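Computed from a prediction, not measured in an experiment: that's the story for all the values here.
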Amino acid sequence: MALGELSNATCWFYPTHDGTFLCWERGLRLSLQPGSIADCPEELSSAPYDRSRISVLWSLLGDDASLTCVGLTYGDQRLDWPLRSLNPEPMATWGRFRVDSQADHSLVLGDCLTLFAASSTES
């Protein structure tokens with residue numbers, strides 16, 4: 001199914017209180033096993049499958065530019081996707097951001113630094 005056909009849900013995946021925080025991102029190539037409902041409640045496991053209960057879950061970080069897709073849910077329950085293989089990219093980007101609920105702009109993005117892993121062929 002196309003993800004565009006699914007409904008959307010949101011959550012506060014990032015800090016919801018004031019302060020300065022670090023974040024990082026890194027490219028990964030993943031291969032996953034089939035997903036299943038984590039800690040599935042009995043009433044959900046005994047109900048017939050209903051495609052309309054699948055939602056794309058988006059995290060919120062104070063503005064539209066910071067919406068991040070964090071996964072899929074079924075019946076408002078988290079889906080687990082067991083890892084089959086993981087191949088990380090040789091770089092990561094670290095960032096700093098500040099959340100201040102009293103400020104005109106509650107989210108302020110700070111410094112960013114991209115680091116590359118040392119090649120195993122370097123001497």
Would you say Leu109 and Phe21 are hydrophobically clustered, going by side-chain heavy atoms of ILVMFWY under 4.5 Å?
yes

Taking it one step at a time, do Leu30 and Arg84 satisfy side chain to side chain contact (heavy atoms under 4.5 Å, CB included)?
CA-CA 8 Å; Leu30 298 174; Arg84 184 173 289 151; over 6 Å; no

Is Leu72 close to Tyr74 at the side-chain level, that is, under 4.5 Å between some pair of heavy atoms?
no

So does Glu89 get a backbone contact from the side chain of Arg26, meaning a donor-acceptor N/O pair under 3.5 Å?
yes

Are any of the side-chain nitrogens in Asp100 or Arg98 under 4.0 Å away from the carboxylate oxygens of its partner?
no

Please step through side chain to side chain contact (heavy atoms under 4.5 Å, CB included) for the pair Arg29 and Leu86, ending with a clear verdict.
CA-CA 6 Å; Arg29 283 189 213 122; Leu86 170 72; over 6 Å; no

Quick check: closest heavy atoms across Trp81 and Gln33, and the distance to 0.1 Å?
CE3-O, 3.7 Å

Shared hydrophobic cluster, Val108 / Leu22 (ILVMFWY, side-chain heavy atoms < 4.5 Å)
no

Hey, could you give me the CZ/CD1 distance between Arg78 and Ile37, rounded to the nearest 0.5 Å?
11.5 Å

Indicate yes or no: at least one non-hydrogen side-chain atom of Leu79 is less than 4.5 angstrom from one of Thr73.
no

Please check if the side chain of Asp18 supplies one atom and the backbone of Ser101 the other of a donor-acceptor pair under 3.5 Å.
yes

Do Trp24 and Thr93 have side chains that get closer than 4.5 Å, going by heavy atoms?
no

Could you tell me whether the side chain of Leu83 reaches within less than 4.5 Å of the side chain of Leu32, counting heavy atoms only?
yes

Taking all non-hydrogen atoms of both residues into account, name the closest pair between Gln77 and Asp39 and its distance.
OE1-O, 4.3 Å

Would a distance-only check, ignoring hydrogens and angles, find a side-chain to backbone donor-acceptor pair under 3.5 Å from Ser45 to Glu42?
yes

With no hydrogens and no angle check, just 3.5 Å: does a side-chain donor-acceptor pair link Ser55 and Ser7?
yes

With a 4.5 Å limit on heavy-atom distance, are the side chains of Ile54 and Tyr49 in contact?
yes

More than 12 heavy atoms from other groups under 6.0 Å of CG on Asp50:
yes

Go through the steps to decide whether Leu115 and Trp94 satisfy the test side chain to side chain contact (heavy atoms under 4.5 Å, CB included), and finish with yes or no.
CA-CA 8 Å; Leu115 303 171; Trp94 286 85; 3.9 Å; yes

For the pair Thr20 and Arg96, evaluate side chain to side chain contact (heavy atoms under 4.5 Å, CB included) and give the outcome as yes or no after the intermediate values.
CA-CA 7 Å; Thr20 301; Arg96 181 175 53 90; 3.7 Å; yes

Taking atom CG of Asp76 as the centre, does the number of heavy atoms from other residues, nucleotides or ligands within less than 6.0 Å exceed 12?
no

